[in-house]
Amino acid sequence: MEVNSNSSISIRHLKKTFDGKDFVLNDLSLEIPRGKITVIIGYSGTGKSVLLKHILGLLKPSSGSIRVLGQELTELDVDDLTKLRNRFGMLFQYAALFDDMTAMENVMFPLKEHRRDLNKVQMQEIARARLTEAGLSDKHFLKLPAEMSGGMRKRVGLARALALDPEILVYDEPTTGLDPVLTEMVDNLIVSTHNLRQGTTSIVVSHDLYAAFRIGDYVAMLDNGRVLLHGTPQEFLESDIDLVKRFVAKGVRKELEPKASAPKPTSVE
Ligand SMILES: Nc1ncnc2c1ncn2[C@@H]1O[C@H](COP(=O)(O)OP(=O)(O)O)[C@@H](O)[C@H]1O
Ligand SMILES: [Mg+2]
């Protein structure tokens, strides 16, 4: 895909090395279209999370360019980066809710931080609307995370990710470690949230190729620090690339990453 104004995120020749020798990302280019769901897949350790952290401005590239919503990330100062990051909603594998806060308070947290223009009643109104949008019934709004099921906690995490009305929603392994029923619930939630929010760009890192095909408008497969294939699910099914063929053969309805390599909870949530 070429750079164009329909790109929400445009990554060109991105390189990242942590130790000055091995390149985790090695001349990676990727256009993420606005208003679509793009699923990033790849074997464990191929740099999917590192790529997401670059998109969020949490890691600096060794070289290359990242444009997000028209702004070159590498040229932004800390304040502008923070502003830009507030246009993202993030949901990671571990919802990382605040344990001592109710569902409502968890969703109000980003509002208190970044929407000082709102009064408490307005914040409560928004929190209720987001929790409802994420499918949590109002009888759970005042519960603490420990009093909720895993599925309910995911909904609260999503509601919190939606609090600031993000233009870009980012999910890193949102279903890793979940049972099949919950996995389907979260996948459906990603699609319904995307469809309800016109123009939202959704980026999902997934270990589950079946889900990638089901929910993704586009799929990008990383390998060796680059994008091996970026296309529609149909293009993946028809690909002649050996590694893609193997991944497709192995991946449908099967977990691709060994449990032991599941990422640790990340501090950026
Ligand atoms: N902060 C870091 N410092 C050094 N190496 C890192 C760091 N973050 C990730 N890596 C390395 O980068 C590679 C890709 O990691 P990651 O993006 O987490 O893979 P995954 O595709 O499973 O999400 C791994 O080899 C990992 O060890
Ligand atoms: Mg990861």
Side-chain angles (χ1 to χ4, degrees), residues 32 36-46 48-49 51-52 88-97 103 106-107 130-137 140 143 145-162 166 168-197 200-222 232-234 236-237 244 246-266 268-269:
I32 298 182
K36 303 281 184 197
I37 301 181
T38 296
V39 183
I40 298 171
I41 58 169
Y43 289 101
S44 182
T46 47
K48 302 182 296 296
S49 295
L51 176 61
L52 278 192
F88 283 89
M90 297 166 237
L91 183 65
F92 291 161
Q93 181 183 353
Y94 300 93
L97 301 174
N106 264 284
V107 181
R130 298 295 183 270
L131 285 166
T132 304
E133 183 182 343
L136 192 76
S137 136
H140 305 307
K143 284 189 176 161
E147 300 167 318
M148 292 185 268
S149 67
M152 284 153 63
R153 284 198 290 268
K154 283 278 175 189
R155 292 185 193 277
V156 178
L158 178 62
R160 190 178 60 185
L162 298 174
I168 304 177
L169 275 166
V170 175
Y171 305 85
D172 195 357
E173 307 263 4
T175 62
T176 298
L178 300 185
D179 65 44
V181 174
L182 261 188
T183 295
E184 195 167 335
M185 180 210 100
V186 172
D187 286 341
N188 290 340
L189 205 50
I190 291 170
V191 174
S192 60
T193 302
H194 180 85
N195 290 340
L196 269 176
R197 299 181 155 255
T200 302
T201 303
S202 299
I203 305 170
V204 186
V205 164
S206 183
H207 64 279
D208 181 351
L209 193 71
Y210 176 78
F213 283 2
R214 211 164 60 86
I215 72 177
D217 296 306
Y218 298 101
V219 180
M221 181 170 172
L222 301 196
T232 61
Q234 192 58 34
F236 267 75
L237 289 173
V244 173
R246 272 189 279 147
F247 202 81
V248 168
K250 223 177 116 180
V252 176
R253 265 289 176 216
K254 208 168 150 203
E255 290 204 353
L256 294 159
E257 298 187 5
K259 282 274 181 290
S261 69
K264 292 195 190 74
T266 151
V268 299
E269 271 206 302

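Only this structure's heavy atoms are used, side chains among them; waters, hydrogens and symmetry mates stay out.
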Next on the checklist: Could you tell me if the side chain of Ile215 sits less than 4.5 Å from the side chain of Tyr171, heavy atoms only?
Outcome noted: no
Item to check | Interatomic distance, Ser206 atom OG to Glu173 atom CD [nearest 0.5 angstrom] | outcome: 6.5 Å
Item to check | For Arg155, salt bridge (charged side-chain N to carboxylate O under 4.0 Å, His left out) partners two or more places apart | outcome: none
Checklist outcome for this item: Output for pair (Leu91 CG, Asp172 CG), nearest 0.5 Å, gives 9.5 Å
Next on the checklist: Using 0.5 Å steps for rounding, measure from the CG atom of Leu136 to the CZ atom of Arg130.
Outcome noted: 14.5 Å
Checklist outcome for this item: Across all chains, not counting sequence neighbours, the side chain to side chain contact (heavy atoms under 4.5 Å, CB included) partners of Thr132 are Phe141
Item to check | Sequence-distant partners of Pro233, side chain to side chain contact (heavy atoms under 4.5 Å, CB included), two or more places apart | outcome: Phe213, Val219
Checklist entry - Among all residues two or more places apart in sequence or in another chain, which pass the side chain to side chain donor-acceptor pair (under 3.5 Å) test with Lys143? => result His140
Checklist entry - So which of Val204, Leu162, Ile190 actually passes side-chain contact (heavy atoms from CB on, under 4.5 Å) with Leu169? => result Leu162
Item to check | Any Asn106 side-chain heavy atom under 4.5 Å of Pro145 side chain | outcome: yes
Next on the checklist: With rounding to the nearest 0.5 angstrom, report the CE to CD1 distance, Met90 to Ile168.
Outcome noted: 10.0 Å
Next on the checklist: Using modelled atom types and a 3.5 Å cut-off, is there a donor and acceptor pairing between side-chain atoms of Lys48 and backbone atoms of Gly42?
Outcome noted: yes
Checklist outcome for this item: For Val39 and Ala212 the tightest heavy-atom approach is CG1-CB, 3.5 Å
Checklist entry - With a 4.5 Å limit on heavy-atom distance, are the side chains of Leu189 and Lys154 in contact? => result no
Checklist entry - With side chains defined as the heavy atoms from C-beta onward, is the minimum distance between Ile32 and Tyr218 less than 4.5 Å? => result no
Checklist entry - What distance do Ser149 atom OG and Leu182 atom CG have between them, rounded to the nearest 0.5 Å? => result 7.0 Å
Item to check | Contacts of Asn195 that satisfy side chain to side chain contact (heavy atoms under 4.5 Å, CB included) - sequence neighbours left out | outcome: Val191
Checklist entry - Do you know which two heavy atoms are closest between Thr200 and His194, and how far apart they sit? => result O-CE1, 2.9 Å
Item to check | Sequence-distant partners of Thr183, side chain to side chain contact (heavy atoms under 4.5 Å, CB included), two or more places apart | outcome: Thr175, Leu178, Asp187, Asp208
Next on the checklist: Within the 4.5 Å heavy-atom criterion, are Arg197 and Pro166 side-chain neighbours or not?
Outcome noted: yes
Checklist entry - What is the distance from atom OG1 of Thr193 to atom CG of Leu158, rounded to the nearest 0.5 Å? => result 4.5 Å
